Number of protein chains: 2
Amino acid sequence: MKKTILVFGLLILALLLLFQISKYAIISGDLNSEFVIATIAIVFFFIGIYLNKKSLHKQTNATKEIDYKKIEDLDISKREYEVLLGISEGLSNKEIGEKLFVSESTIKTHVSNLLTKLNAKRRTQALQIAKDFNII
Amino acid sequence: MKKTILVFGLLILALLLLFQISKYAIISGDLNSEFVIATIAIVFFFIGIYLNKKSLHKQTNATKEIDYKKIEDLDISKREYEVLLGISEGLSNKEIGEKLFVSESTIKTHVSNLLTKLNAKRRTQALQIAKDFNII
DNA sequence: AGTGGTTTGGTACTTTAGTATGAGCTATAT
DNA sequence: ATATAGCTCATACTAAAGTACCAAACCACT
């Protein structure tokens, strides 16, 4: 939000600056009006592209970004979240245990708690729910 | 490609038109130069936004589209693909069977064949691979 | 020093998942 | 007509996954 205001502020400043430049240029006859207008058109054309790319990028990223607040709301601990990531990579409990240097029993406990917190019956369902919540 | 050429052609035409309009407007003194320049700036600003939005939209859709050719390449049958979708919804074999009106045994067969074709050890891994291949 | 939350891990058990194999049934292409 | 491929289903089995319960160790906070 603050960035948007800043960008538009700079945009207005640039616009005013171009006004003055073009006025003097046309009056003094140093440059012809076509050239000034073409320059302005091109500059604003690319400003439009640039701003749009930024805002669209934010949107697409926003849907892909992880909702860390949701993870907290669901009361999922750091370790449980690591296990969830392991599941999303298609690993077995044993493999997740090896990756995190703990026993398979521990992973089972984490998975069981995760399923309760995500209100899922299976790990595949947990993945689906986690995706809906944008936490993976 | 053809559309791009058309759009840029129209863009150039619009530019030329604006040149003429602005020239006459400034010479005849009907409009002041600030107004003309501001109009041009705004018009091209929005043209930039519009064109960018279109091109970006195509890109984001392309990456999300399902690669049906890849499904064929992997030799995945229609029924097997339906089972894969069931898995991605987090359903159990039994639930997938109920959804497709076949027995759990049948689903097990399909799943087993799917895992072989996707070169996966588990259904969760199959999901991960299927996502990489853009087939779900 | 005690409390609460997290992490760890074990046992014992039930439930799913997955494999291997065989077999019957269709539609379709040769 | 007879392969061929896909879909169906069953049995019997092994391997994971998941539940329930318990308990110890740890860390941060008061």
Side-chain angles (χ1 to χ4, degrees), chain A residues 66-133 135-136, chain B residues 66-133 135-136:
Chain A
I66 289 165
D67 189 350
Y68 290 106
K69 198 184 165 299
K70 188 71 187 174
I71 297 174
E72 279 182 43
D73 287 353
L74 290 168
D75 219 35
I76 293 173
S77 72
K78 199 174 72 187
R79 207 57 166 167
E80 282 164 356
Y81 185 66
E82 288 177 313
V83 172
L84 181 59
L85 292 180
I87 292 172
S88 75
E89 287 169 25
L91 303 177
S92 68
N93 289 337
K94 199 178 174 185
E95 286 168 342
I96 297 169
E98 283 164 6
K99 197 177 177 182
L100 302 180
F101 303 107
V102 292
S103 78
E104 192 189 344
S105 296
T106 306
I107 304 299
K108 280 192 177 187
T109 307
H110 288 320
V111 170
S112 203
N113 291 332
L114 257 175
L115 295 183
T116 306
K117 287 173 182 178
L118 286 171
N119 200 25
K121 288 176 191 166
R122 282 163 293 280
R123 48 171 58 208
T124 45
Q125 197 181 5
L127 287 180
Q128 210 247 321
I129 292 167
K131 257 167 241 151
D132 275 0
F133 284 159
I135 62 175
I136 56 169
Chain B
I66 289 165
D67 190 349
Y68 290 105
K69 198 184 166 297
K70 187 71 187 174
I71 297 174
E72 278 182 41
D73 288 351
L74 290 168
D75 218 35
I76 293 173
S77 73
K78 200 174 72 187
R79 208 55 164 166
E80 282 163 355
Y81 186 67
E82 289 176 313
V83 172
L84 181 60
L85 291 180
I87 293 173
S88 75
E89 287 170 24
L91 303 176
S92 69
N93 290 337
K94 198 178 175 184
E95 286 169 341
I96 296 170
E98 284 164 6
K99 196 177 177 182
L100 301 180
F101 303 107
V102 292
S103 78
E104 193 189 342
S105 296
T106 307
I107 304 300
K108 279 191 180 189
T109 307
H110 288 319
V111 170
S112 203
N113 291 332
L114 256 175
L115 295 183
T116 306
K117 288 174 182 178
L118 285 171
N119 199 26
K121 287 177 190 167
R122 281 164 295 279
R123 48 170 60 207
T124 46
Q125 198 181 4
L127 287 179
Q128 211 246 320
I129 293 167
K131 257 167 242 151
D132 274 0
F133 285 157
I135 62 176
I136 55 169

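Please read all numbers here as calculations on a predicted model, not as lab measurements. Chain letters run A, B, ... following the sequence lines, proteins first and then strands; every chain starts at 1.
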Calculate the interatomic distance between [X] atom [atom1] and [N] atom [atom2]; express it in whole Å.
| X | N | atom1 | atom2 | value |
| --- | --- | --- | --- | --- |
| A:K94 | C:dG18 | NZ | P | 17 Å |
| B:E95 | C:dT16 | CD | C1' | 11 Å |
| B:D75 | D:dT4 | CG | C1' | 13 Å |
| A:E72 | C:dT6 | CD | P | 11 Å |
| A:I96 | D:dG18 | CD1 | C1' | 13 Å |
| A:I87 | D:dG18 | CD1 | C1' | 11 Å |

Under a 4.5 Å cut-off applied to non-hydrogen side-chain atoms, are [X] and [Y] in contact?
| X | Y | answer |
| --- | --- | --- |
| A:I136 | A:I87 | no |
| A:R122 | B:E95 | yes |
| A:V83 | A:N113 | no |

Fill in: Expected output: side-chain B:S88 to main-chain B:L85 donor-acceptor under 3.5 Å
yes
Discussion item. Main chain of B:I135, side chain of B:K70: is a donor-acceptor contact present, judged purely on distance under 3.5 Å?
Written reply: no
Worksheet item: Is any side-chain N of the basic residue among A:R79 and A:E82 closer than 4.0 Å to the acidic one's carboxylate O?
Response: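 Yes.
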Practice prompt. Check the pair B:S103 / B:T106 against side-chain hydrogen bond (donor to acceptor under 3.5 Å, both in side chains), numbers first and verdict last.
Written response: CA-CA 5 Å; B:S103 78; B:T106 307; 3.2 Å; yes
Discussion item. Near DNA chain C, counting only heavy atoms under 4.0 Å, which residues of residues 97-127 of chain B show up?
Written reply: B:K108, B:V111, B:S112, B:L115, B:R122, B:R123
Fill in: Axis bend over the full length of the helix from C:dA1-D:dT30 to C:dT30-D:dA1, computed from five pairs that close each end, to 10 degrees
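Terminal axis comparison yields 40°.
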Worksheet item: With B:Y68, which residues qualify under side chain to side chain contact (heavy atoms under 4.5 Å, CB included), at least two apart?
Response: B:I66, B:I71
Worksheet item: Does a side-chain N or O from A:N93 land closer than 4.0 Å to OP1 or OP2 of D:dA16, or not?
Response: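 So the side chain of A:N93 is outside the cut-off, no N or O lying under 4.0 Å from OP1 or OP2 of D:dA16.
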